[in-house]
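One structure below.
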Amino acid sequence: MGTPFEEKRQYFYAEISEVKKAEFINGEILIHAPTRLREANAIDNLLCLLDGYVEKHHLGTVGHGKLLITLARNDYEPDICFFGTAKAQHFTPDQTQFPAPDLVVEVLSDSTAAIDRGLKFEDYALHGVAEYWIIDPEQESIEQYVLRGTAYELAVKVKTGTIQSNIVSGFEIPVRAVFDSPEQIAALQAILA
């Protein structure tokens, strides 16, 4: 018999499903509200660009939505994450729990902003996630944080121009492509050309 914390975590693993987005945070199960369209569009646009680029260049694996990241005390389902080949080569087709990614992207919503900027920000840094993007779909901005030691440092906060990943080699996109479908299509065509 484990501790109450361990028992709650095992219950979480047994009860989560593909239907609901859920996370295990500080010993509690957090079920997320449905995503608003502007948040979903930002996630979909960036996911398509990142996944297309990573697949084309054989750089690793891109995960999203229901991919469960298991850290020391908490389990998260980031909006988008990237694992370089060093980690991804060990994954199996039936795997359901994953280690800390190399890049995490969280898209802010009213219900997740405090956690994305607080506990997750600290947890991802402590577990060695080398790069963390926070996307604000209302402000149409992207904050890029890079791990320095055990803490994040803001590299850029942008609304226009381009943003380039430090971890995904060569991945550079127009910021507007995350928020604007015609821009996203043009950026995707450039990636796949």
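Since this is a predicted model, take the numbers as computed values, not measurements. Values below: every heavy atom of this structure, side chains too, minus hydrogens, waters and symmetry copies.
- Lys120 is not listed as a side-chain neighbour of Leu71, based on a closest heavy-atom distance of 4.5 Å or more.
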**Message:** Quick one, Leu46 with Ile173, criterion side-chain contact (heavy atoms from CB on, under 4.5 Å). Give me CA distance, side-chain angles, the key distance, then yes/no.
**Reply:** CA-CA 9 Å; Leu46 179 57; Ile173 57 167; 3.7 Å; yes

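- The shortest side-chain heavy-atom distance between Val62 and Ile80 falls under the 4.5 Å cut-off.
- Contact detail for Tyr132 and Asp116: the closest heavy-atom pair is OH-O, 2.7 Å.
- Under 3.5 Å, the side chains of Ser165 and Glu131 contain a donor-acceptor pair of N or O atoms.
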Which atom pairs, one a donor and one an acceptor, fall under 3.5 Å between side chains of residues 148-156 and the rest of the protein, sequence neighbours left out?
from   : atom 1 : to     : atom 2 : distance (Å)
Tyr152 : OH     : Val129 : O      : 2.8

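- Within the 4.5 Å cutoff, no side-chain heavy atoms of Val104 are placed close to those of Phe82.
- A 6.0 Å sphere centred on NE2 of His64 holds no more than 12 heavy atoms belonging to other residues, nucleotides or ligands.
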**Message:** Would Leu68 and Thr70 count as a side-chain contact (heavy atoms from CB on, under 4.5 Å) here? Give the steps.
**Reply:** CA-CA 6 Å; Leu68 188 66; Thr70 299; 4.2 Å; yes

For residues 183-193, dump all side-chain donor-acceptor pairs below 3.5 Å to protein atoms at least two apart in sequence or in another chain.
from   : atom 1 : to    : atom 2 : distance (Å)
Gln184 : NE2    : Asn45 : O      : 3.4

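- A distance of 13.0 Å separates CD1 of Ile135 from OG of Ser109, quoted to the nearest 0.5 Å.
- Among residues two or more places apart in sequence or in another chain, the side-chain contact (heavy atoms from CB on, under 4.5 Å) test is passed with Lys56 by none.
- Under the rule for a salt bridge (charged side-chain N to carboxylate O under 4.0 Å, His left out), the partners of Asp75 that lie at least two apart in sequence or sit in another chain are Arg9.
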**Request:** Apply side-chain contact (heavy atoms from CB on, under 4.5 Å) to Trp133 and Tyr145, showing your working.
**Result:** CA-CA 6 Å; Trp133 291 15; Tyr145 295 90; over 6 Å; no

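- At a threshold of 4.5 Å between side-chain heavy atoms, the hydrophobic network of Ile, Leu, Val, Met, Phe, Trp and Tyr places Leu47 and Phe91 in two separate groups.
- The two atoms that bring Lys159 and Ser141 nearest to each other are CG-CB, 3.8 Å, heavy atoms only.
- Two residues are said to be in side-chain contact when any heavy atoms from C-beta on lie closer than 4.5 Å; Glu143 and Arg117 meet this criterion.
- Rounded to the nearest 0.5 Å, atoms CG (Asp44) and CG (Asp51) are 12.0 Å apart.
- Gln95 places a side-chain N or O within donor-acceptor distance of the main-chain N or O of Gln97, the cut-off being under 3.5 Å.
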**Asked** Should Asn74 and Leu119 be marked as a side-chain contact (heavy atoms from CB on, under 4.5 Å) after you check the CA-CA gap, both sets of side-chain angles, and the distance that decides it?
**Response** CA-CA 10 Å; Asn74 297 314; Leu119 183 63; 4.0 Å; yes

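- Under a hydrophobic clustering in which Ile, Leu, Val, Met, Phe, Trp and Tyr are joined whenever their side-chain heavy atoms come within less than 4.5 Å, directly or via other members, Leu147 and Leu126 fall into different clusters.
- Taking the side chain as every heavy atom from C-beta outward, Val54 and Thr61 never approach each other to under 4.5 Å.
- Nearest heavy atoms, Ala130 versus Ile167: CB-CD1, 3.4 Å.
- Between Phe83 and Phe98, the two ring planes are tilted [angle within 30° to 60°].
- The line from OG1 of Thr96 to NZ of Lys66 is 10.5 Å long, rounded to the nearest 0.5 Å.
- Side chain of Gln144 to main chain of Gln164: a donor-acceptor pair is present (N/O by atom type, distance under 3.5 Å, no hydrogens or angles).
- One N or O on the side chain of Asp102 and one on the backbone of Gly84 form a donor-acceptor pair closer than 3.5 Å.
- Looking at heavy atoms from C-beta onward, Pro101 lies in side-chain contact with Ile69 at the 4.5 angstrom threshold.
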**Prompt:** Can Arg176 and Glu140 be said to form a salt bridge (Lys or Arg N to Asp or Glu O under 4.0 Å), step by step?
**Reply:** CA-CA 8 Å; Arg176 297 299 315 146; Glu140 294 191 346; 2.9 Å; yes

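- The hydrophobic cluster containing Ile163 does not contain Val146, counting ILVMFWY residues as joined when their side-chain heavy atoms lie under 4.5 angstrom apart, directly or transitively.
- Expressed to the nearest 0.5 Å, how far OG1 of Thr35 lies from CG of Asp79 amounts to 7.0 Å.
- Each of Ile115 and Val107 belongs to its own hydrophobic cluster when Ile, Leu, Val, Met, Phe, Trp and Tyr are linked at side-chain heavy-atom distances under 4.5 angstrom.
- Scanning all heavy atoms of the two residues, the minimum distance from Thr162 to Val175 falls at C-CG2, 4.0 Å.
- Listed by first then second residue, pairs satisfying ring pair (Phe, Tyr, Trp, His ring centres under 6.0 Å) with a partner in residues 167-193 read Tyr53-Phe171, not counting sequence neighbours.
- Contact check for Glu106 versus Leu108: no side-chain heavy atoms found under the 4.5 Å cut-off.
- Among all heavy-atom pairs drawn from Pro137 and Glu39, the shortest one is CG-CG, 3.7 Å.
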**Message:** Before you tell me yes or no, could you show the steps for Arg73 and Asp123 under salt bridge (Lys or Arg N to Asp or Glu O under 4.0 Å), namely the whole-Å CA-CA distance, both residues' side-chain angles and the distance that decides it to 0.1 Å?
**Reply:** CA-CA 9 Å; Arg73 289 187 49 84; Asp123 231 4; over 6 Å; no

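- Within the 4.5 Å cutoff, the side chain of Leu67 has heavy atoms near those of the Cys81 side chain.
- For Tyr76, the ring-ring contact (aromatic ring centres under 6.0 Å, His included) test picks out Tyr124, with sequence neighbours left out.
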